[in-house]
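One structure is given below, encoded as structure tokens.
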There are 4 protein chains.
Amino acid sequence: MQTKVDLNADLGEGFGAWTMGEDEAMLAVVSSANVACGFHAGDPLVMWRTCELAKAHGVAVGAHPSFLDLWGFGRRPIQGERPEDIMRHCVYQIGALQAVAAAVGHRVTHVKPHGSLGNMAAEDDGLAMAVAEATSLCGRDLVLVAMPGSALERAGERKGLRVAREVFADRAYDDRGMLVSRKLPGAVLHDAEEAARRILRMLEDQAITSQSGNKVPARIDTICVHGDNPAAVAMARAVRSAIERAGVTIRPFHEWLA
Amino acid sequence: MQTKVDLNADLGEGFGAWTMGEDEAMLAVVSSANVACGFHAGDPLVMWRTCELAKAHGVAVGAHPSFLDLWGFGRRPIQGERPEDIMRHCVYQIGALQAVAAAVGHRVTHVKPHGSLGNMAAEDDGLAMAVAEATSLCGRDLVLVAMPGSALERAGERKGLRVAREVFADRAYDDRGMLVSRKLPGAVLHDAEEAARRILRMLEDQAITSQSGNKVPARIDTICVHGDNPAAVAMARAVRSAIERAGVTIRPFHEWLA
Amino acid sequence: MQTKVDLNADLGEGFGAWTMGEDEAMLAVVSSANVACGFHAGDPLVMWRTCELAKAHGVAVGAHPSFLDLWGFGRRPIQGERPEDIMRHCVYQIGALQAVAAAVGHRVTHVKPHGSLGNMAAEDDGLAMAVAEATSLCGRDLVLVAMPGSALERAGERKGLRVAREVFADRAYDDRGMLVSRKLPGAVLHDAEEAARRILRMLEDQAITSQSGNKVPARIDTICVHGDNPAAVAMARAVRSAIERAGVTIRPFHEWLA
Amino acid sequence: MQTKVDLNADLGEGFGAWTMGEDEAMLAVVSSANVACGFHAGDPLVMWRTCELAKAHGVAVGAHPSFLDLWGFGRRPIQGERPEDIMRHCVYQIGALQAVAAAVGHRVTHVKPHGSLGNMAAEDDGLAMAVAEATSLCGRDLVLVAMPGSALERAGERKGLRVAREVFADRAYDDRGMLVSRKLPGAVLHDAEEAARRILRMLEDQAITSQSGNKVPARIDTICVHGDNPAAVAMARAVRSAIERAGVTIRPFHEWLA
């Protein structure tokens with residue numbers, strides 16, 4: 001079995017007077033935080049505090065750029081955006097976070113596109129290259145987080161970036177190793193212990209385990225967990241415990257990824 | 001008379017489908033551009049294009065951070081903002097522009113606060129230090145643009161930043177060397193040739209010339225001109241011509257400021 | 001003692017993916033809801049749901065217009081807004097809520113300015129008249145909610161509007177019957193039973209009771225309670241219980257205010 | 001030939017400090033104005049001024065609701081919006097404009113969806129019904145503007161609304177009477193006189209004339225013209241002149257539409 005893995009979560013998703021998620025609790029669980037950069041959530045104060053807390057917890061921070069869509073929380077699929085425009089939107093967001101992180105003595109070490117941009121960049125080569133190019137422009141050593149087999153993974157490799165392959169602790173996979181649509185039954189796992197067992201099996205097998213038990217070989221560098229509510233935090237903790245009990249070290253991927 | 005001076009203007013103030021000002025014309029006139037960073041105007045596409053054009057014209061770019069107030073164009077005086085919050089807002093904006101500028105092969109070399117933030121930071125020591133600290137955090141070599149005698153000038157000096165002293169080509173000054181309120185008659189100059197002559201006199205005297213003819217000694221590193229409309233562009237051109245005819249070289253202050 | 005009083009709270013303060021406050025719990029406590037209209041919080045979906053729920057609970061709805069300041073949640077004191085502009089901003093917000101309320105079979109029966117606009121309209125005659133005029137333009141029968149002795153109360157009377165006099169269940173008053181600044185000790189009451197007893201005394205005395213025990217005669221038509229957190233909800237329930245035990249009927253002021 | 005027709009244009013598309021289009025010029029040309037309601041453009045001040053000017057020119061005003069997308073000017077195709085949500089967004093926007101129009105002594109008499117919402121509601125029955133239902137909720141006598149043969153036309157009829165059939169003065173049509181995609185050559189007409197002649201022919205034939213000369217019978221109640229730039233204004237004037245010379249009266253459709 002592999003000796004190291006990363007645990008990541010989306011954090012810093014408040015805005016102004018609004019808060020979201022259990023950030024403090026999650027910072028004790030994950031090794032990497034994907035920090036909202038103001039386009040779907042996050043503002044300079046939230047970003048600052050999140051970077052400070054991440055640094056204090058030894059958690060790596062990454063930019064979590066999004067379509068410009070505050071009301072829709074970056075979840076609305078916006079068609080027809082030109083890749084060069086999205087690239088510029090991502091450069092802006094990554095740069096803003098880089099400055100904030102540097103100001104608190106931390107630094108941005110990865111990029112993971114958020115919501116609809118993430119979903120679309122997993123399938124659309126143009127958008128995937130836009131995200132990869134923005135990442136590369138902001139730092140040749142930034143790690144791009146992508147699903148194994150996705151357009152984004154290919155784009156990151158083509159740009160010569162280090163790519164961290166990600167699986168989701170709470171999402172079911174089909175026999176090709178792709179996410180089962182949320183509209184289908186069983187797409188989301190709710191049992192923390194089951195999720196922990198499944199992730200451990202994936203790490204042992206170096207393969208994505210599908211709903212039907214199929215194994216799709218895949219390098220697994222980071223596991224996405226959520227902190228939206230107490231149940232999600234409990235699942236994240238269960239996943240972490242299981243991994244640690246199995247003797248796998250949880251560390252930010254930017255430290256060990258080749 | 002001094003041998004070098006800078007000419008600056010606020011550019012890149014469009015947003016989405018909206019445009020503002022005569023940016024292309026102004027880039028042929030000024031040596032430094034203050035680029036809106038998305039809080040009062042500007043978006044990643046406008047910023048990108050402005051940085052590209054500035055680079056092509058050999059014009060230096062600076063960040064033009066603002067209160068977060070798109071509808072009010074950063075002109076609404078917002079009371080009670082905590083200096084540490086404004087500092088974080090400025091770090092975000094400067095960092096975003098730094099990434100965009102770097103992506104097009106240019107770089108940010110100065111910071112000048114916009115609108116109400118600029119007005120308030122000229123008088124309020126807390127806000128002035130917030131802007132100076134944000135500038136320093138984003139780059140020890142960034143030049144801070146401030147009015148002679150302002151709180152911002154003092155804050156920049158206290159932070160050890162290079163400070164470029166600025167006069168306005170189209171604004172009247174009182175006998176203390178301070179701007180005459182826009183509410184008073186004669187506060188804004190409309191005659192291009194008169195403005196050009198007045199600026200030349202200031203450069204010769206190394207002093208701000210007041211409405212009444214008083215001279216307040218002041219170093220003048222940069223002259224602010226506007227490009228809001230054709231008449232403003234004409235005044236900017238007249239100022240440039242007069243300066244050049246007098247044998248003063250117009251170059252970005254970051255190149256020659258001690 | 002008076003036979004009727006209203007209990008009001010600010011509701012519908014979510015935006016997009018963000019929620020705020022315990023709206024469902026509060027709708028079982030209050031008789032009037034002040035609904036955010038999109039400028040500091042609220043969006044068409046939140047407003048729709050809030051109006052539907054209010055109707056189902058027999059709770060009256062009012063518009064809660066604000067300065068245009070989503071990030072600042074309408075709490076930033078914005079200086080220099082022209083009263084005629086604020087009047088137009090309020091007309092827009094009230095009209096939007098009127099249409100939403102009508103669409104769900106409910107209707108807007110009052111207006112109460114939010115946050116900084118509310119604070120400033122309590123003292124500034126120009127802003128107070130702006131709010132009162134907007135209210136009048138949107139409906140001659142709309143009730144304006146104002147603090148006894150405020151500029152807003154006077155403006156409402158001058159416009160010929162019905163004015164509902166409001167006291168706050170959790171705020172201390174000074175000997176002139178004005179709110180004690182939040183910056184001073186004891187400005188906010190935290191003990192639910194104490195708050196309930198104090199409000200009851202005010203209703204009995206038809207007077208605002210100050211911190212020092214002074215009584216400032218004032219008509220009390222509505223009592224503002226909060227639902228930001230479980231403790232606030234508990235206080236709101238305690239106030240309601242105390243009032244009901246005293247035999248005072250809790251009904252929306254628009255039903256009984258002369 | 002028909003005796004009456006309406007000329008409409010999108011107006012009030014500024015926002016804050018930004019202006020757009022030649023509104024004053026266009027108000028002397030059109031009989032109906034589609035007024036932006038704040039979601040893609042427009043703000044309460046712009047809406048107020050536009051309604052005042054429209055009233056002064058005897059021009060009818062209609063709401064021009066959009067997806068919530070200020071940066072994208074409502075032109076970004078946002079997928080997956082639930083019809084019931086879009087219905088609520090439209091109710092909010094129509095209601096806001098109704099209040100503003102009433103406040104200046106005018107009134108909203110029609111609704112025409114903007115940009116991507118308009119394009120998508122022309123083809124998608126769910127979105128079309130959302131717009132029609134919002135219109136109906138805001139006023140049973142509001143006229144819905146729709147292209148002949150569109151989903152929106154059908155939805156308006158199904159809701160029992162009066163529907164104004166619209167053709168575009170500057171857009172080419174295919175042999176089914178549908179708009180030629182802007183991506184294809186010849187999709188947009190630039191010659192003012194040619195556009196005027198073509199529109200006159202359509203009014204004479206009561207049919208849409210395609211690029212190839214095919215005639216698709218269609219009632220034509222209103223003709224959309226643009227005011228984005230001086231050339232567009234010139235075309236609008238040419239269209240108006242040609243119609244008047246032909247003896248057709250230009251009046252707002254809400255006055256004469258059955």
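In what follows, every chain begins at residue 1, and chains take the letters A, B, ... in the order their sequences are listed.
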Find the distance between CH2 (Trp71(C)) and CG (Leu45(A)) and round it off to the nearest 0.5 Å. 4.5 Å
CD of Gln211(A): more than 12 outside heavy atoms within 6.0 angstrom? yes
Heavy atoms of other groups near Glu123(A) CD, more than 12 under 6.0 Å: no
Find out whether Trp18(A) and Phe73(C) are in side-chain contact, i.e. whether some heavy atom of one side chain is under 4.5 Å from a heavy atom of the other. yes
Measure across Ala17(A) and Arg75(C) and return the closest heavy-atom pair with its distance rounded to 0.1 Å. CB-NH1, 4.2 Å
